[in-house]
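Some notes on the structure that comes next.
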Amino acid sequence: MSARLIIVGPPGAGKGTQAGRIAEGFGVPAISTGDIFRKNVSEGTPLGVQAKAIMDAGDYVPDELTNELVKSRLAEADAEQGFLLDGYPRTVGQVAYLDALLAEQGTGIDAVVQLVADQDALVERLLKRAQDQGRTDDNEDTIRRRQQVYTEQTAPIVAAYAERGLVVDVDGLGGIDEVGDRIQAALTSRGLTAGV
């Protein structure tokens, strides 16, 4: 079963953990833009060299370069039957680019899994994690700011997919298996059934 999915969720919602589980269930790669950047930089590809120079200067990698990196990754054999994108698209321009790219292949996004959770509960979870890991930079103000930035940046993207009826909201609070089961049920209700 092929599936072309996107996962979004605020910091602390367990997006990375669930992305791996969903991808494994569908037998598709979990593609994180952070991983793509790191891979291209470490391999010294022309796109990686460009991205590194921009990141070293402390700037955001522009849409055009991010789009090229994602296009290159989606062209790899393991993504032929589908993928799960994590961290992309991040702008409305990237949504339009991805739409056009997939349309060229006669496909499109099947669903956008949005992990939702009470902000205070996430702040509490992240503060506990910071304490457990001895991360002093993760204080409540910093965590709340990150949540706010996430909401501001993600709202237009989620809205673009919601207009097409592609967004499935899933409660991101609870145990890993519990949340995973909720995601599976939400995707199954959309006719997307995992099972490698």
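Counting from 1, the numbers follow the sequence of the chain as shown.
Under the 4.5 Å side-chain heavy-atom criterion for Ile, Leu, Val, Met, Phe, Trp and Tyr, Tyr150 and Ile143 are members of distinct hydrophobic clusters. By the rule that hydrophobic residues join a cluster once side-chain heavy atoms approach within less than 4.5 Å of another member, Leu126 and Val116 end up as members of separate clusters. Residues Val8 and Leu122 do not share a hydrophobic cluster, defined by chaining ILVMFWY side chains whose heavy atoms lie under 4.5 Å apart. There is a path of hydrophobic side-chain contacts, each under 4.5 Å, that joins Leu65 to Leu101. Follow the hydrophobic side-chain contacts under 4.5 Å out from Val158 and you reach Tyr97 in the same cluster.
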Stepwise salt bridge (charged side-chain N to carboxylate O under 4.0 Å, His left out) test for Asp177 and Arg182: CA-CA 9 Å; Asp177 290 338; Arg182 283 186 210 132; over 6 Å; no
Do Asp63 and Thr66 pass the side-chain hydrogen bond (donor to acceptor under 3.5 Å, both in side chains) test, and can you show the C-alpha distance, the side-chain angles, and the key distance before you say yes or no? CA-CA 5 Å; Asp63 280 6; Thr66 304; 5.4 Å; no
Would you sort out whether Asp132 and Lys128 count as a salt bridge (charged side-chain N to carboxylate O under 4.0 Å, His left out), showing the intermediate values? CA-CA 6 Å; Asp132 293 347; Lys128 183 178 178 344; 3.1 Å; yes
Check the pair Glu24, Arg21 against salt bridge (charged side-chain N to carboxylate O under 4.0 Å, His left out), reporting the backbone distance first and the verdict last. CA-CA 5 Å; Glu24 193 178 316; Arg21 291 172 61 106; over 6 Å; no
Hey, mind stepping through Glu140 and Arg144 against salt bridge (charged side-chain N to carboxylate O under 4.0 Å, His left out) and telling me if it holds? CA-CA 6 Å; Glu140 187 167 343; Arg144 286 195 186 277; 3.0 Å; yes
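A donor-acceptor contact shorter than 3.5 Å is absent between the side chain of Gln184 and the backbone of Gly180. A donor-acceptor pair under 3.5 Å links the side-chain atoms of Thr33 to the main chain of Gly87, judged by distance alone. Looking at Ser72, its side chain never comes within 3.5 Å of a backbone N or O of Glu68 through a donor-acceptor pair. No side-chain donor-acceptor contact under 3.5 Å links Arg4 to the backbone of Asp110. Put simply, the side chain of Gln119 never gets that close to the backbone of Gln147: no donor and acceptor are under 3.5 Å apart.
Here the CG-NZ distance, from Leu47 to Lys39, works out to 11.5 Å after rounding to the nearest 0.5 Å. In this structure, the separation between NZ on Lys52 and CG on Asn40 is 13.5 Å, given to the nearest 0.5 Å. Atoms CG and CD1, from Asp181 and Ile176 in turn, are 12.0 Å apart once rounded to the nearest 0.5 Å. In this structure, the separation between CZ on Arg73 and CG on Leu85 is 9.5 Å, given to the nearest 0.5 Å. For the atom pair CD1 (Ile22) and CG (Leu84), the distance works out to 5.5 Å, reported to the nearest 0.5 Å. Separating the CG atom in Asp35 from the CG atom in Leu69 is a distance of 12.5 Å, to the nearest 0.5 Å.
Heavy-atom minimum distance, Val92 versus Pro156: CG2-CB, 3.7 Å. Of all non-hydrogen atoms in Gly172 and Val179, the two that sit nearest each other are O-CG2, 3.6 Å. The two residues Tyr88 and Ile6 come nearest to each other via the heavy atoms O-CG2, 3.9 Å. Closest approach of Leu115 to Gly14, counting heavy atoms only: CD1-C, 4.1 Å. Taking each heavy atom of Asp86 and Ala19 in turn, the nearest pair found is OD2-CB, 4.2 Å. What you find for Ala111 and Leu187 is that their closest heavy atoms are CB-CD2, 3.9 Å.
Other residues, nucleotides and ligands contribute at most 12 non-hydrogen atoms within 6.0 Å of the CD atom of Glu64. The number of heavy-atom neighbours closer than 6.0 Å to CD of Glu80, taken from other residues, nucleotides and ligands shown, is 12 or below. More than 12 heavy-atom neighbours from other residues, nucleotides or ligands sit within 6.0 angstrom of CD on Glu178. Atom CZ of Arg125 has more than 12 neighbouring heavy atoms from other residues, nucleotides or ligands inside a 6.0 Å radius.
Considering only heavy atoms from C-beta on, Arg38 stays 4.5 Å or farther from Val41 through its side chain. Looking only at side-chain heavy atoms (C-beta outward), Tyr161 and Pro89 come within less than 4.5 Å of each other.
A salt bridge links Asp99 to Arg164: one of the charged nitrogens lies within less than 4.0 Å of a carboxylate oxygen.
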